[in-house]
2 protein chains.
Amino acid sequence: MNDSDDGKGQAAPRKRADARRNERALLDAAAAVFVTSGVEAPIRDIAARAGVGVATIYRHFPTRAELIIAVYRHQIEECAKAGPVLLASSASPHAALGRWINLFVDFLVTKHGLAAVLQSDDAGFQQLHGYFLERLLPVCAELVAAAVEAGEILPDLEAYELMRGVGNLCIGAESDPRYDARRLVGLLVEGLRRR
Amino acid sequence: MNDSDDGKGQAAPRKRADARRNERALLDAAAAVFVTSGVEAPIRDIAARAGVGVATIYRHFPTRAELIIAVYRHQIEECAKAGPVLLASSASPHAALGRWINLFVDFLVTKHGLAAVLQSDDAGFQQLHGYFLERLLPVCAELVAAAVEAGEILPDLEAYELMRGVGNLCIGAESDPRYDARRLVGLLVEGLRRR
DNA sequence: CACGATAAGGAACCGTGTTCCGTTTCGCAA
DNA sequence: TTGCGAAACGGAACACGGTTCCTTATCGTG
C-alpha cells in the first residue's frame with residue numbers, strides 16, 4: 001500500500017501535512033472508540049478523541065462506512081488473502097471453507113456492532129456492504145466452487161447467500177454470553193454438506 | 001417474573017371511552033405504518049395516522065416494544081400454539097421442528113424490520129426480546145427435546161441459541177431478493193441432524 | 001349540571017447526524 | 001523572510017426523531 005494513495009487510483013492532488021496528520025489521528029481515534037463504544041459511536045466522540053472538529057471527519061470520511069472501511073481495511077485484506085492459502089493447505093475444500101469462515105466470523109464478532117451495521121438497509125451503509133462483498137465474495141465463491149467440484153457440498157447455495165447468512169449469525173454475538181455465533185455458523189456449514 | 005398476568009385483561013381500573021377508542025386507533029395505525037415503514041417508523045407518523053398527539057402513544061404504550069407486542073401479540077400466540085399441534089401431527093419431531101420454524105420465519109420475514117429490532121441490544125427492546133423468548137422459547141425447547149429424544153438431532157444446542165440464530169438469519173430478508181432466509185434456516189436445521 | 005379525575009395535545013427539550021461559514025494554517029514563491 | 005491564495009479547520013447552526021412537561025379538553029358520576 002502507498003502512503004498517500006487513497007486507493008481510488010487517480011493522481012492524488014497531494015494533501016497538506018496537517019490533513020494527513022488529522023487523518024491518521026482520526027483513524028487511531030476511531031479504532032479506539034469503536035472498541036469501547038462500537039462502530040456506531042457518536043461522531044462527536046470520535047472527533048473529540050482525535051482532537052478535531054466534527055466537520056473534519058466529514059471532510060476525510062464523508063460517510064461512516066468509509067471510516068469503518070478505512071479502519072478495518074487491512075484486516076479485511078488479510079482475510080481475503082487467507083482464502084487461497086487455506087484452500088491449498090487444507091485436507092479438503094470443505095475444510096478450507098470452514099476454516100476461512102471461522103476467520104471471517106472471528107473478525108466480525110470482535111468488532112462491536114459491525115455485523116449489525118453490515119446488514120443495515122440504511123443507504124449510508126450500502127457502501128460498507130458493497131465493500132465487504134467486493135473484497136470477500138470472490139474468495140468465498142472460490143472456496144464454495146472448489147467444495148462443490150470435490151462433491152462435498154450441494155451446489156444449491158450461492159456464495160452470496162452463505163456470506164450474508166454468516167454475517168447475520170454474527171449479529172449481537174459479542175453482547176450475549178448465551179449465544180455462540182461460531183457454533184451456529186459451524187452448524188450451517190455442516191448443513192451444506194452432501195449426505 | 002410476571003405478576004400472574006402481564007396482559008391487559010383483568011383488574012383494569014376501568015378506562016374511559018375515549019382512551020379505549022384511541023388505543024384501538026393507535027393499534028390500527030401502528031399496524032398500517034409498520035407494514036409500509038417498518039417497525040421503527042417515527043412515533044410521530046403513527047400518532048399522525050391515528051389522529052392523536054405523540055404523548056398519547058406514550059401514555060398507552062410507554063415503550064416501542066410494548067406497542068409492537070400489542071400489535072403482534074395475536075400472531076405470536078398463534079405461533080406458540082402451533083408447536084404442540086405440529087408435534088402431534090407430523091411424521092417425526094424433527095419434521096415438526098422444521099415446520100414450526102418455518103412458521104416462525106414466515107412471521108418474522110413479513111414484519112419489516114422486526115427481526116433486526118428483536119436482536120437489538122438497545123435497552124428499550126430487551127422487553128421485546130424477552131416477550132418473544134418467554135412466549136416461544138418453551139415451545140421451541142419442547143420440539144427440540146422431542147427430536148433429541150427420538151435420536152434425530154444432537155443434544156448439543158440449546159433451544160435459545162437456535163431461536164436466536166433463526167431470528168438473526170431473518171434480518172434484512174424482506175429487502176434483498178438475493179437473500180432467502182428460509183433456505184438458510186432450512187440448512188441450519190438440516191445441520192442439526194445427527195449423521 | 002357541575003365538578004374532579006382522566007386523558008389529550010402539542011410545544012419544548014435533548015441527543016445525534018449533517019451542513020455552513022468565517023477563521024486559521026500551510027506551502028509556495030517572490 | 002514575508003505575503004498570499006488555497007486548503008483545511010472548528011464549531012455554531014440546522015434537521016430530525018425520541019421523550020417529557022404543562023396546559024386544556026373531555027368524560028362520567030353525583
Side-chain angles (χ1 to χ4, degrees), chain A residues 4 6 11-30 33-34 36-68 70 113 116-117 120-128, chain B residues 8 11-30 33-34 36-68 70 112-113 116-117 120-128:
Chain A
S4 59
D6 66 346
R14 198 94 195 98
K15 272 187 187 168
R16 256 168 57 168
D18 54 346
R20 248 176 297 128
R21 233 181 306 120
N22 278 333
E23 185 167 324
R24 190 26 149 315
L26 277 171
L27 285 173
D28 292 348
V33 173
F34 285 173
T36 60
S37 312
V39 296
E40 299 200 281
I43 292 283
R44 281 179 240 263
D45 288 2
I46 301 169
R49 162 74 91 128
V52 305
V54 283
T56 299
I57 292 197
Y58 283 96
R59 232 167 272 121
H60 288 280
F61 308 100
T63 68
R64 183 182 291 267
E66 284 171 67
L67 178 58
I68 295 174
V117 112
S120 157
D121 52 4
D122 185 293
F125 289 119
Q126 293 310 308
Q127 257 177 301
L128 190 61
Chain B
K8 308 298 174 174
R14 247 186 115 27
K15 273 189 189 166
R16 255 169 55 172
D18 54 347
R20 249 176 298 125
R21 233 182 306 120
N22 278 331
E23 185 168 323
R24 190 26 149 316
L26 277 171
L27 285 173
D28 291 348
V33 172
F34 285 172
T36 60
S37 312
V39 296
E40 299 200 282
I43 292 283
R44 282 161 167 79
D45 288 2
I46 300 169
R49 161 73 90 126
V52 305
V54 283
T56 298
I57 291 197
Y58 284 95
R59 228 166 275 122
H60 288 280
F61 307 101
T63 69
R64 183 182 291 267
E66 284 171 68
L67 178 57
I68 295 174
H112 197 109
V117 111
S120 159
D121 53 4
D122 185 293
F125 290 119
Q126 294 310 309
Q127 254 176 301
L128 190 60

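We name chains A, B, ... by the order of the sequence lines, and we start the count at 1 in each one. For the numbers below, each heavy atom of this structure counts, side chains included, while hydrogens, waters and symmetry mates do not. What you are looking at is a predicted structure, and each value in this text was computed from that prediction instead of being measured.
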*Rounded distance (nearest 0.5 Å) linking atom CZ of A:Arg20 with atom NZ of A:Lys15*: 8.5 Å
_Side-chain N,O (A:Arg21) to OP1/OP2 (C:dC26) below 4.0 Å_ = yes
_Euclidean distance, atom CG of residue B:Asp122 to atom C1' of D:dG17 [Å, nearest integer]_ = 13 Å
*Give, for atom CG of A:Asp28 and atom CZ of A:Arg49, the distance between the pair rounded to the nearest 0.5 Å.*
9.5 Å
*By nearest nucleotide on DNA chain D, pick out whichever of B:Thr63 and B:Ala17 is the more 5' one.*
B:Thr63
*Take atom CD of A:Glu66 and atom C1' of C:dG17, then tell me their distance rounded to the nearest Å.*
16 Å
*Take atom CZ of B:Phe61 and atom C1' of D:dT19, then tell me their distance rounded to the nearest Å.*
17 Å
_To the closest 0.5 Å, what do you measure between CZ (A:Arg44) and CD1 (A:Ile46)?_
12.0 Å
Distances under 3.5 Å only, N/O to N/O: pair up the protein atoms with those of nucleotides 9-12 of chain D.
{"residue": "D:dC9", "atom": "OP1", "partner": "A:Asn22", "partner atom": "ND2", "Å": "2.3"}
{"residue": "D:dC9", "atom": "OP2", "partner": "A:Arg59", "partner atom": "NH1", "Å": "3.4"}
{"residue": "D:dC9", "atom": "OP2", "partner": "A:His60", "partner atom": "NE2", "Å": "3.4"}
{"residue": "D:dG10", "atom": "OP2", "partner": "A:Gly53", "partner atom": "N", "Å": "2.8"}
{"residue": "D:dG10", "atom": "OP2", "partner": "A:Thr56", "partner atom": "OG1", "Å": "2.7"}
{"residue": "D:dG10", "atom": "N7", "partner": "A:Arg59", "partner atom": "NH2", "Å": "3.4"}
{"residue": "D:dG10", "atom": "O6", "partner": "A:Arg59", "partner atom": "NH2", "Å": "3.0"}

*Could you state the atom-to-atom distance from CD1 of A:Ile57 to P of C:dT18 in whole Å?*
11 Å
*About how many Å separate CD1 of B:Ile43 and CG of B:Leu67, when rounded to the nearest 0.5 Å?*
7.0 Å
_Integer-rounded Å distance: C:dG10 P and B:Ile46 CD1_ = 17 Å
*For A:Arg14 and C:dG27, give me the distance from atom CZ to atom C1', rounded to whole Å.*
11 Å
_Rounded to whole Å, how long is the line connecting atom CG of A:Leu67 with atom C1' of C:dT18?_
15 Å
*B:Tyr58 OH - C:dG10 C1' separation (whole Å)*: 14 Å
*Say you draw a straight line from CZ of B:Phe61 to CD1 of B:Ile68; how long is it, rounded to the nearest 0.5 Å?*
11.5 Å
*Supply the atom-to-atom distance B:Asn22 CG to B:His60 NE2, rounded to the nearest 0.5 angstrom.*
5.0 Å
